[in-house]
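For reference, the structure discussed in these notes is given below.
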Amino acid sequence: MVKCFSLTAMRERWFRLSFFLAGLKSTTTDLGGGTVMHCWVPKTHEPNKPNLLLLHGIGANAMWQWNEFISPFIARFNVYVPDLLFFGDSHTTRPERTEQFQAQCVAGVLEAQGVRKLSVVGLSYGGFVAYSLAAQFPEMVENLVLCCAGVCMEEKDLEEGMFQVKTADEAVTLLFPQTPEKVNEMFEVVFHKPVPKAPAFLIQDYIDVMWKEHLQERIGLINALYRDRKMSNLPKITQPTLIIWAEHDKVFPLELGHRLKRHLDENGQLVVIKDCGHAINKEQPKEMYKHIEEFLIDRLLYTKKTNQSSGQKVD
C-alpha cells in the first residue's frame, strides 16, 4: 500500500534505483499454485564469481535490510536477493506459513535462475529460512551464515522467560507495531544504542506503507515459528556455518547462539559482535560484513584468524 507523497515510498524508490545501479535487476518468478516470488538477480552473471544468496528478516523487505551491503558484496559475488513471501512483491494464495515452505519457494527461484550452488546469508527470520534451505537442499547450499537467527529456540523458552515476550501474540505486537508509540518500544528492544525518536507522522507513514499489507499473513509466519518448536526436531546440517550474534540481542538472546553452536558442533563457528543489539545490520554493518566476507572467501584462514583474535568473542 503506497501513499501519495509518502517519504517511506520515496525512500523505497531510492532503494530500487540503488539496487539497479549496483548491478541487479528485478525479476518475478511464478512458481505455480498461486505463488509468485520477487528476486533481485545479477544483470550479468559472472562465471568466475561465487554465488551468494541474501535472506532478509521480518521487519521489512529485502531492499531495506540489505541496501548497505549490496555494493561490496557484488564486487565479490553474483548476488541474489529475494523478497520472502508476504514481503515486497512476493506472495502466495497457499496456506503454508512455515520457514520450510519459504525455503522451498526460494529454491524454486534459484532453480529458475539456473543457480545450482551458492552460499547463503540469513538475517534473523531469514536465518530460519536459510537453515531450512541448507537442510532441505544440501547439494545447493555450500556455506551458511546465520545472523541473530534463533533457530534453536523452543516453544517452551517463551514460557520459561528467555525472551522479552511470553507468548507468540506478544511477539507479534512487538515485531509488527501499529502505532508510533509501539514502534518506539520496539526500537528499545531491537537496538542496543538509543535511537533518536522520529516525528510521529514519519513513523506512521512507515507503518502505513510497510506494515499494513499482508499483516495477517506475516502474523502467521511468526506463529509458525513458535508453534510446537523443539530442538529434537531441528535437523543437524553439515555445511560449514558461521553464526554471528549480537552481544546485547534482546529478541533472540545470545544463549540461543551458544545453543546452536553446540548443536552444530565442529560445523559451526560462533562470533559475538560487541556493542549492538538484534538490529546488527544497522548498528554494526561494517563488522558484520567483514566477518561474512572473510568467512566466505577464505574459511580456513578466517577460522584461524578469529580463534587468535582477542577483539571479538569467539566460540
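For clarity, every value in this text was computed on a predicted model and none was experimentally measured. One-based numbering along the sequence shown.
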Q) Does E96 have any side-chain hydrogen bond (donor to acceptor under 3.5 Å, both in side chains) partners at least two apart in sequence or in another chain, and if so, which? A) R94
(Q) Under 3.5 Å, is there a donor on one side chain and an acceptor on the other for S18 and N67? (A) yes
Q) Do F15 and Y289 share a hydrophobic cluster (ILVMFWY, side-chain heavy atoms under 4.5 Å, transitive)? A) yes
(Q) Under a plain distance cut-off of 3.5 Å, with no hydrogens placed, do E188 and N184 share a side-chain donor-acceptor pair? (A) no
**Q.** K236 atom NZ, over 12 foreign heavy atoms within 6.0 Å
**A.** yes
Q. Within a strict 4.5 Å, meaning less than it, do heavy atoms of the E247 and D275 side chains meet?
A. yes
Q.
Checking side-chain polar atoms at under 3.5 Å, does K212 have a donor or acceptor matched by the opposite partner on Q178?
A. yes
Q | Option passing ring-ring contact (aromatic ring centres under 6.0 Å, His included) with W64 (candidates F69, F19, W14, Y206) | A | Y206
Q. Is the backbone N or O of L225 less than 3.5 Å from a side-chain atom of R229, with the two atoms forming a donor-acceptor pair by type?
A. yes
**Q.** Expected output: side-chain D249 to main-chain L254 donor-acceptor under 3.5 Å
**A.** no
Q | Polar side-chain atom of S90 near backbone of D83 as donor-acceptor pair, under 3.5 Å | A | yes
Q. Taking atom types as modelled, is there a side-chain donor on E12 or N61 under 3.5 Å from an acceptor on the other?
A. yes
Q: Measure from NZ or CZ of K43 to the centre of the six-membered ring of F20 and say whether it is under 6.0 Å with the direction within 45° of the ring axis.
A: yes
Sequence neighbours excluded and cut-off under 3.5 Å, please list the side-chain donor-acceptor pairs for residues 119-132, or say none.
from	atom 1	to	atom 2	distance (Å)
S119	OG	N143	ND2	3.3
S124	OG	H278	NE2	2.8
Y125	OH	Q102	NE2	3.3
Y131	OH	P235	O	2.5
S132	OG	Q136	NE2	2.8

**Q.** Listed partners of K156 passing salt bridge (charged side-chain N to carboxylate O under 4.0 Å, His left out), at least two apart
**A.** E154
Q) Would you say the side-chain atoms of W40 pair up with the backbone N or O of V79, donor to acceptor, closer than 3.5 Å? A) no
